[in-house]
Amino acid sequence: MRKGNDLNIARLIVGAALITILALAFTPATMRAEEPVYGGTLTFAVAKDPPSYDGHRETTFAMIHPVAPHYSILLKFDQENYPKILGDVAESWKISEDGLTYTFKIRKGIKFHDGKTLLTARDIKATYDKIIFPPEGVSSARKGSYAMVKSVEAPSDDTVVFHLKWPSPSFLANLASPWNFIYNGDILAKDPHWYEKNIMGTGPFKFVEHVPGSHWVAKRNEDYFMKGRPYLDGYRAIFIKSTSARVAAVRSGRALIEFRGFSPAGRDDIVKAQGDKIKVQEGPWICYLSVAVNNTRYPFDDPRVRRALTLALDRWEASKTLSKIAIIKYVGGILRPGSEYAATEEELTQIAGFSKDIEASRKEARRLLKEAGVEEGSKFTFKNRDLPMPYEPMGIFMVDQWRKIGLDVELKVEETGPFFGDRKKGDFDMIMDWECGFMDEPDLQLYKFLSHGVSGSNYSRYKDPVLDELYEKQARAKTKEERRKLIRTFEKRVLDEQAYTFPTLWWFKINPHWAKVRGWNQLPSHYLNQDLRDVWLAEK
Amino acid sequence: MNTVEVTASTIRQKANTMPRWLRVVSRFARQKPLGTSGAVLILLMGLVAILADFIAPYDPLATRYDLMMQPPNAEFWLGTDAFGRDILSRLLYGSRTALLIGLSASFLGATIGAIIGVVSAYFAGKTDLIIQRLMDMLLSFPLIIMALAVVAVLGTGTGNVIIAIAVPMTPRCARVVRSSALAIRESPYIDAARALGFGHGRIIFRHMLPNVMAPYLIMLTVFLAQAILLEASLSFLGLGVSEPTAAWGLMLRGAAVEFAEQAPWMGIFPGLAISAAVFAFNLFGDSLRDALDPKLRI
């Protein structure tokens, strides 16, 4: 009996093993949990060279895409579960009960790329001091986002403490900013400008070379603090200005991905050529195009004229039609449609220019113009960037919409340099504006609308203490309901009552890439998830 | 007198009664049929530009988002673009932009070039040396690079594009006109004018410039073709005129590139228009050179 039982057990084991082998053999590869593969070089396309290498001063993806993999940050967004926050160099953190003290424990043994210097809390303090309290002559693009910070301290090598002036619901997420590269404190002490032209971080990849106008090369950091990462041997960013050439690069496999994204036509082109070798990731984008109206110049100093300009735009029609040819799709106010504090469609349609009855809106626009003394056929200029996507289609659309209320608006396309100069100096009637964020957080998105002088990105040049006060109030609101209400009041004042400036459409992110690029999830910002530490290349 | 002789004589008599300009045109048409076909095309282009308001079926700027990227059909003969604008209407209006910029830029470039060339030849010596070295400097840049540099400094817009195209054409015309003017400078009537005590300005503008009209006219027509091509290139690169202006080069960029496979008509028709215009000006320019150049008449 015993022998027979043994035999049965043996048969069962062999049978089970055979079934398992057969099941594995016939299970589609995609259904199996894939083991990341080590090795390979990821080649990706970037539209421009970085203006400098310093994440604290720059605001463009052209810097972050090639440079981010060289650096660590304090916290980061979880690419599997956005907007959950994970520690990067921070091992853990504690928030005091009054919400005024944030204490971070820093991982030990993290080495800078020189292979000798260890990262300590002093480096994090020096980094954040440069961002929040930049010394004279040092530019910090996000200084304003940390107005709530009183001081940063490093009581020990592995502890950093942020003291706040008031509790801020957005502060933790602000520390997950992809721009806040951790720099070496000693280098910053010697020369706060050193990082504008040099690289020395603790990120998963070490810098090899940058040939302006051509490429950027990096290799794996063998001392990276996260064991087993990165998977890639290195990466190569190739700089290609022309959109069609970038599409061709991905289509041909010369580049495996372009992280910013392509238009619907680009996507179709690549998919048509390579079929299932291409994976397409699509989703909303924390970016919108807007119109900055020069509030200091006649007749745009009259709110009736500004209201007429926004009333003329048929955003719902634009959403349907322009999304077929451009990366713009969603109708929204000052916060990304669908995000926690954004206006609902019902709330939105109550705001000037967002009604679905475009004929009534245009009739009202004509009435307002007449009342303000702006005659039929009045000539204005609308300045636009010389980038085709999505600036050009939106520019053409808007000029055509303004013609429908009797205005003769000339579209003037400028190169990036003069365009940025004119926008900053206020040398325009109306100019294309935009805002891209790395997360859905009202403190960040509303900051742009604060008075000129308070906000560095208020190009419409108005000053409104009411808005400044509302901003402070919503930032310190104790409940979500209270905050939401304050944000609605803020939005109504900016877009409707005063119509200082107005969004057009929110963007739509389309990332077609070679399916063998694994471990990269599209998030709603082209600034996020660019350290490439989890990216690997499958064989096929 | 036989019949053939009578007919030939009648024709000769009739020809003699024709105005001189008509006789010149008729002789040019007989001797240079290719050049004439070029001239006819240019004339047609000019007429289209003038009459665009009456012959264009639609407003070239009017967008119709329900009719985006329609292929050529009975309603839209050449189809519509990515904004639902009628391509035929935009082509017809685009000839205005091409001619306006082409004519203005080539006239400006050739005229300034001719004046510089004659002045340089007339004064000779150090003046000639300095002017010619300056011209050498300008000539060392390819046409498009020079135009790009000028646009980069001045900015975009119709006026600036005209200047950008005229600047690189100036030294080319100056060089050609100078060589003709050098021969004229030695002519007895110039010596006579000097002996009579005429001022430099009078000698240059009254006696020398009219005598370099042949190379000037040839350069002008050659430049016209180049100017149209250059305007299209600058617009294609986003440095020429701005949307939504109807311009051929502009019609070739943006959505025409993005949707080249799905809607090829967006790029084909403006491309054909540019080719036809350049071809016409080149044919006419070549024939004009043959007709006016005494060396080629032998």
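Order of the sequence lines fixes the chain letters, A, B, ..., with proteins taken first and strands second; residue numbering starts at 1 for each chain.
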Relative to chain B, which segment of A:Ser242 carries a heavy atom at a distance below 4.5 Å: side chain, backbone, both, or neither? neither
Between A:Ile396 and B:Arg85, does the side-chain contact (heavy atoms from CB on, under 4.5 Å) criterion hold? Intermediate values first, please. CA-CA 11 Å; A:Ile396 294 170; B:Arg85 296 176 298 193; 3.7 Å; yes
At a 4.5 Å cut-off on heavy atoms, which part of A:Val399 comes close to chain B: side chain, backbone, both, or neither? side chain
If you count heavy atoms of other groups shown closer than 6.0 angstrom to CZ of B:Phe107, is the number above 12? no
Atom NZ of A:Lys272 with >12 non-hydrogen neighbours under 6.0 angstrom: no
Non-hydrogen side-chain atoms of A:Ile325 and B:Met69 separated by less than 4.5 Å: yes
Any idea which of A:Asp386, A:Thr321, A:Thr243, A:Leu322 has the most non-hydrogen atom pairs under 4.5 angstrom with chain B? A:Thr321
What is the distance from atom CG of A:Asp400 to atom OH of B:Tyr65, rounded to the nearest 0.5 Å? 5.5 Å
Examine whether an atom of B:Glu243 lies under 4.5 Å from a heavy atom of chain A, and if so say whether it belongs to the side chain, the backbone or both; otherwise answer neither. both
Measure distances from A:Asn384 to the heavy atoms of chain B and classify the residue's part below 4.5 Å as side chain, backbone, both or neither. neither
Atom group of B:Asp81 that falls short of 4.5 Å from chain A, counting heavy atoms: neither
What option among B:Leu61, B:Thr245, B:Val151, B:Val241 has the most heavy-atom pairs under 4.5 Å with chain A? B:Leu61
Got a sec: does the CZ of A:Phe420 have more than 12 other heavy atoms crowding it under 6.0 Å? yes
Please classify the contact of A:Phe397 with chain B as side chain, backbone, both or neither, using a heavy-atom distance under 4.5 Å. both
Which bit of B:Phe83 is near chain A, if near means a heavy-atom gap under 4.5 Å: side chain, backbone, both or neither? side chain
Presence of salt bridge, B:Asp66 and A:Lys320, under 4.0 angstrom: no
Select one option (side chain, backbone, both, neither) describing which atoms of A:Pro393 are under 4.5 Å from chain B's heavy atoms. both
Roughly how far, to the nearest 0.5 Å, is the NZ atom of A:Lys383 from the OG atom of B:Ser242? 11.0 Å
With only heavy atoms counted, which part of A:Glu410 is less than 4.5 Å from chain B, the side chain, the backbone, both or neither? neither
